[in-house]
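Just so we're on the same page: letters track the sequence lines, and every chain starts at 1. This structure is a prediction, so every number in the text was calculated from the model and none was measured.
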Amino acid sequence: MTEYSKEEIKKIEEKWQQRWRDQQVYKTTNDTTKPKYYVLDMFPYPSGAGLHVGHPLGYIATDIVARFKRLKGYNVLHPMGYDAFGLPAEQYAIEHGVHPAISTAKNIDTFRAQLDRIGFCYDWSREVRTCDPQYYKWTQWIFLQLFDSWFNRNTQKAESISKLISTFEIEGNANHPFPNSEYVLPNSQTSFSSADWKSFDEHTKQGVLMQYRLAYLAYTDVNWCEALGTVLANDEVINGVSYRGGHPVMKKQMRQWSLRITEYAERLLKGLDEIDFSDSMKDIQRNWIGRSEGAKIKFILTGGKELTVFTTRPDTIFGVDFMVLAPELDLVKQITTAEHKEEVEKYLSYVESRSEIDRMAEVKKITGCFTGAYAINPFNKRQVPIWISEYVLAGYGTGAIMGVPCGDERDHRFAKHFNIPITNIIGDQYDGKEANPTYEATLSNSAFLNGIKMKEAIPIVIDKLAEMGIGEKQVNYKMRDAGWSRQRYWGEPFPVIFRDDMPYAMEEKDLPLELPDTNEFKSSGSGEGPLANLKDWIQINANEKRDSNTMPTHGGAAWYFLRYMDPHNDKEFASREALDYWNQVDVYVGGSEHAVAHLLYARLWVKVLHDQGYLNFDEPFKKLINQGKITGDSRFVYRIRGQNKFVSFGLKNQYDTDALHVDVNIVNGLELDTIQFQKWKPDFANAEFILEDGKYICGSAIEKMSKSYFNVINPDKIIENYGADTLRMYEMFLGPLEQSKPWNTSGIDGVYKFLRRFWNLLHDTTGAVNFSDDSPSKEELKVLHKTLKKIEQDVEHFSFNTSVSEFMICINELTSLKCNKRAVIEPLVIALSPFAPHIAEELWEKLGHQDTVLNATYPKVEEKYLIESTFEYPISINGKVRAKMNMALDMPKEDIQKMVLASEIIMKWTKGKPPKKVIIVPGKIVNVVL
RNA sequence: ACCCGGGUGGUGGAAUUGGUAGACACGCAGGACUUAAAAUCCUGUGGCUAGUAAUAGCUGUACGGGUUCAACUCCCGUCCCGGGUACCA
């Protein structure tokens, strides 16, 4: 006698998980004869906290897709691994003295055990760990590919550095100017000839090449976090403080590795059109890349010097009333007049003293200083003052702008604040109080542009500038190059060797450059990483040195999806055959927090590898789905201040209380289990309660799921009470995958009941297996095929919440039909198996099958059972449904119209008169207009 | 401030993208079984009004307007919630 009870579920789940492991049913081969399907989860960082119910949400979704596609005949790649390098393990090591390798391995084991209990079909033989030398050997190798590449703007592709060198030998850099226009050679030239190149010494040559490499070393303004002793990427800094820990962040110049991702800005932007990401995700990336089109304009100063600005609005050139430079520009010192020198220097030191947080907090604060210099407007020769102000950023465009107060809000504020007279070029479109950034106004006070719409004036001005040789069209991007050095221990060492202060790539045969073992994880403080403490390792010999930094975690994560294709290859990062076969990731599921970092770096690395001929695709992820976060539903108790007395929610306003988080596991709905509460913490053993209606009611709030809020629901606990299948289906049932939602266990009984009723289809009331081999009725087949079709559609659309509902409807119908026929149940077991694999396997076995249900084929939907022959047409009169008529679905429109006209209902409403119009939507509705 | 999402019963959420709003589930209420409880099963369940009742009528998808035979769905305006960006010229 077997009921679908807690004990039975446990037995079933253990039995099948064991069997799956023993028989290696999830092992995927690179069998190229079958069509492939690649379903990927964002691999987790194995934190010490373990899983809560929010973590597996995405994994359950991909697991369903993987199993479903397998039933559909695909060779499915569904791997899992660990993003194992990272800061938390290192900080744990500093605090507790446990080596990161040890704590990480331990965390991975806990993680794995928890994942296994949910019944995932990962092919664990393909597992990767980014901290494994056999893995990071190839992270280093790909880094060297970037180091050995430059971006040829003429072909819009990465090419190898050796090709660049041969070009330089023939023609210098005439056709390939420095990507960063600021760079000048020691002789203050920005270009060089073939003869120049040949005359350069080795150090200069390497310095030049460094300006082109996609992975390059340079002194850059970095986000320095003193507390963490490390540099942070832009995306790791939120509101001027560090993403982890919230420590203050300052700007600091340091020699750092960077990836020249800006060269790929256009391709990263264009690539978005070809891939299936959500609109918001594409939007975030587009925003981050921040393309804007405009013009570069050169102004001559009264003293003869030149100043170039970037503007998106060249049409407003006659409205320029001043210029503003970023205070950091070298030009500032060159143009400042003697009488303004003191003032300017004062302002510069003020700017320097401001931290990032100050600046961000006071974005609207207007500061600035006049330099004494004037620029000449090339069109009307008007002289305008040149100011400096921190609202102009050195890192964007040319670090200089032309101020057009009537059209730009910031320029307007600036002009008003410093009493700079404002020129109006848009007539009554400018009210004197607020800037109007319109493109639609007609220009006035603008000489040859008068009477022209601003929008249309833009190309006219650009043409004119080009003709005069003082300007051209220009595209700018907000995105910066990606800082790639971290002053940390627990990461990939840079596979380079410094000679004469220049880095040289290590040879492939010497990779991996293994992370040396140490117990000293603290940084040396000066801005060098902890590896600098290992003098023997850093200093190879008198002339050769290593880099003391390591790569950010983005490194290992930027290509792991490629390694899964061929994880044990020790000759290449993956074989060409495997790469060509598995190709792009068909579906990638993960959190939206990776929008601007991980996803951009992964896209970049794939593009570079593609350009270098290693891949035949240049976008890694065909489709991306961002699963929503599952938030916690916290509970509070209210302690009367100074007493060990707790007052129920409704009465708390009568006392002076403090709200304390209470463990959600000892609260039923909102009602606190006071006995459990007293046992929860020793402090509360003698707690007293002031109840309302005999109950203690808690307060509640939706918050992030976190141990410190005591609102964490552990999946193990759900599995213990209901089983993994119920957990899986309930998480899907909770709502649309992409939506964030609070966890609430109260609805789980519905799913649990469903599984029991499914089980009961095959069992009689005594619990014995009981099914019939009779042929099913037409009605039963209709239920079956309708369900099969809906499930298929829902899974294709990642609409798992509605698929669970479809199963429930199906079971309701079959139960009321008392159907226990094999021909109906067997296909349903197959369809259910991606959602609830354990119960499906068990029932599959009870139906007499030896093989795993995984090797079954998804049943074919017989459309003939779905076609309705009659339809109940709702008859709506003036938009309101008044009656229903049963008619043949294929009845000609005219006949329906005649029947409607003849019907008594219509006559009642029209009082005998024929209606004006009868609209028929076949199979939907008949609408009568009187 | 700007750019994206979103707002549907007591609750989580459906609605074939313009065609009978509220599927499915939770909760609640009533009933059956039981000595009783739990479990299970059945019935009802947006609101208002009338009726003993089956039922009928009105109203209803944040708010105000519009287009349409027909609007949760499209357009205009307002409010609220979530996410992204942070002086990017």
Side-chain angles (χ1 to χ4, degrees), chain A residues 3 5 238-240 278-288 290-292 294 309-313 316 324 359-360 362-366 389-393 395-404 407-411 413-414 437 476-480 592-593 595-596 626 628-629 669 730 733-736 738-751 753-754 756-757 760 765 790 793 799 801-812 815-816 872-884 915-921 923-930:
Chain A
E3 274 176 56
S5 62
I238 314 282
N239 292 326
S278 72
D279 287 344
S280 77
M281 192 55 48
K282 286 188 180 182
D283 226 74
I284 293 169
Q285 293 211 354
R286 284 198 188 104
N287 249 313
W288 185 263
R291 182 185 201 274
S292 62
V309 301
F310 171 72
T311 177
T312 54
R313 300 298 301 271
T316 63
V324 189
R359 277 192 62 160
M360 288 185 173
E362 303 172 324
V363 150
K364 290 277 139 68
K365 188 171 165 185
I366 301 159
S389 172
E390 57 180 340
Y391 88 87
V392 175
L393 307 174
Y396 184 76
T398 59
I401 61 148
M402 55 184 219
V404 183
D408 183 280
E409 194 205 320
R410 295 154 303 180
D411 296 347
R413 277 200 315 258
F414 194 81
N476 260 325
Y477 302 92
K478 272 198 255 184
M479 184 169 60
R480 300 274 85 94
S592 56
E593 66 272 20
V596 290
N626 299 114
K629 282 190 194 58
Y730 185 57
F733 183 67
L734 226 41
E738 305 202 53
Q739 192 173 303
S740 286
K741 55 229 157 194
W743 177 265
N744 178 359
T745 311
S746 72
I748 201 166
D749 279 339
V751 172
K753 262 189 248 177
F754 156 75
R756 185 163 47 211
R757 294 174 79 187
N760 287 342
T765 44
K790 291 263 194 188
Q793 282 174 345
S799 175
N801 55 327
T802 51
S803 15
V804 177
S805 293
E806 285 309 327
F807 274 121
M808 289 177 172
I809 295 168
C810 172
I811 283 302
N812 286 346
T815 308
S816 63
E872 198 176 57
Y873 279 86
I875 312 261
S876 111
I877 298 167
N878 279 356
K880 284 264 180 305
V881 175
R882 303 291 176 187
K884 282 166 187 175
K916 264 194 224 155
K917 227 200 245 181
V918 178
I919 297 141
I920 298 155
V921 183
K924 301 258 182 194
I925 194 164
V926 177
N927 211 319
V928 178
V929 189
L930 300 183

Calculate the interatomic distance between [X] atom [atom1] and [N] atom [atom2]; express it in whole Å.
| X | N | atom1 | atom2 | result |
| --- | --- | --- | --- | --- |
| A:Glu3 | B:A39 | CD | C1' | 10 Å |
| A:Tyr873 | B:U20 | OH | P | 14 Å |
| A:Phe807 | B:A25 | CZ | C1' | 16 Å |
| A:Asp408 | B:C2 | CG | C1' | 13 Å |
| A:Lys753 | B:C41 | NZ | C1' | 10 Å |
| A:Leu393 | B:U85 | CG | P | 16 Å |
| A:Arg291 | B:C3 | CZ | C1' | 18 Å |
| A:Ile925 | B:A21 | CD1 | P | 8 Å |

Scan [X] against the nucleic acid and name what it touches under 4.0 Å (heavy atoms): base, sugar-phosphate only, or nothing.
| X | value |
| --- | --- |
| A:Lys478 | base |
| A:Arg286 | nothing |
| A:Phe733 | base |
| A:Gln793 | nothing |
| A:Ser876 | nothing |
| A:Ile919 | base |
| A:Asn927 | base |
| A:Asp411 | nothing |
| A:Val921 | base |
| A:Asn476 | nothing |
| A:Pro736 | sugar-phosphate |
| A:Val804 | nothing |
| A:Ser292 | sugar-phosphate |

message: I need the single residue from A:Ile811, A:Asn812, A:Val804 that forms a side-chain contact (heavy atoms from CB on, under 4.5 Å) with A:Phe754. Which is it?
response: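 Option passing the side-chain contact (heavy atoms from CB on, under 4.5 Å) with A:Phe754: A:Ile811.
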- prompt: Can B:U68 be described as syn, meaning its chi torsion is within 90° of 0, or is it anti?
  reply: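 Anti.
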field: Assigned glycosidic conformation for B:G9 [threshold 90° from 0]
entry: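 In terms of base orientation relative to the sugar, B:G9 is syn.
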- request: Nearest-nucleotide wise, let me know which of A:Val392 and A:Ser799 is further upstream toward the 5' end of RNA chain B.
  value: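 With A:Ser799 and A:Val392 compared, the 5'-side residue is A:Ser799.
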field: Comparing A:Thr815 and A:Pro874 on RNA chain B - which has the more 5′ nearest nucleotide
entry: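 This one resolves to A:Pro874.
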message: Please tell me if A:Asn812 has a side-chain N or O lying less than 4.0 Å from either OP1 or OP2 of B:A25.
response: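 For B:A25, OP1 or OP2 has a side-chain N or O of A:Asn812 closer than 4.0 Å.
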Which whole number of Å gives the distance between the [atom1] atom of [N] and that of [M]?
| N | M | atom1 | result |
| --- | --- | --- | --- |
| B:A15 | B:U73 | C1' | 10 Å |
| B:A25 | B:G9 | C1' | 14 Å |
| B:A62 | B:A56 | P | 28 Å |
| B:C87 | B:C79 | C1' | 29 Å |
| B:C4 | B:U78 | P | 15 Å |
| B:G64 | B:G27 | C1' | 34 Å |
| B:A14 | B:A21 | C1' | 10 Å |
| B:U61 | B:A23 | C1' | 15 Å |

task: For the pair A:Arg313 (side chain) and A:Val404 (backbone), establish whether a donor and an acceptor sit closer than 3.5 Å, ignoring hydrogens and angles.
output: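 Checking the backbone N and O of A:Val404 against the side chain of A:Arg313, no donor-acceptor pair under 3.5 Å is found.
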message: Please check: side-chain N/O of A:Lys478 versus main-chain N/O of A:Tyr396, any donor-acceptor pairing under 3.5 Å?
response: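 Such a contact is absent between A:Lys478 side chain and A:Tyr396 backbone.
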What closest approach, in Å, do [X] and [Y] show between heavy atoms, and which atom pair accounts for it?
| X | Y | answer |
| --- | --- | --- |
| A:Phe310 | A:Ser292 | CZ-O, 3.9 Å |
| A:Met281 | A:Ser592 | CE-CB, 3.4 Å |
| A:Val309 | A:Ile401 | CG1-C, 3.7 Å |

Considering every strand shown, what is the Watson-Crick or G-U wobble mate of [N] when both distances are under 3.5 Å?
| N | value |
| --- | --- |
| B:A14 | none |
| B:C48 | B:G57 |
| B:A70 | none |
| B:C79 | B:G7 |
| B:C41 | B:G31 |
| B:A1 | B:U85 |

field: Spacing of OH belonging to A:Tyr391 relative to CG belonging to A:Leu393, to within rounding of 0.5 Å
entry: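 Reported value, rounded in 0.5 Å steps: 10.5 Å.
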message: Working to the nearest 0.5 angstrom, can you tell me the gap between A:Thr745 OG1 and A:Tyr730 OH?
response: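 Rounded to the nearest 0.5 Å, the OG1-OH separation comes out at 6.0 Å.
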message: Can you identify which nucleotide, out of B:C87, B:U85, B:A14, has its nearest atom closest to the A:Asn801 side chain?
response: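 Nucleotide nearest to A:Asn801's side chain: B:A14.
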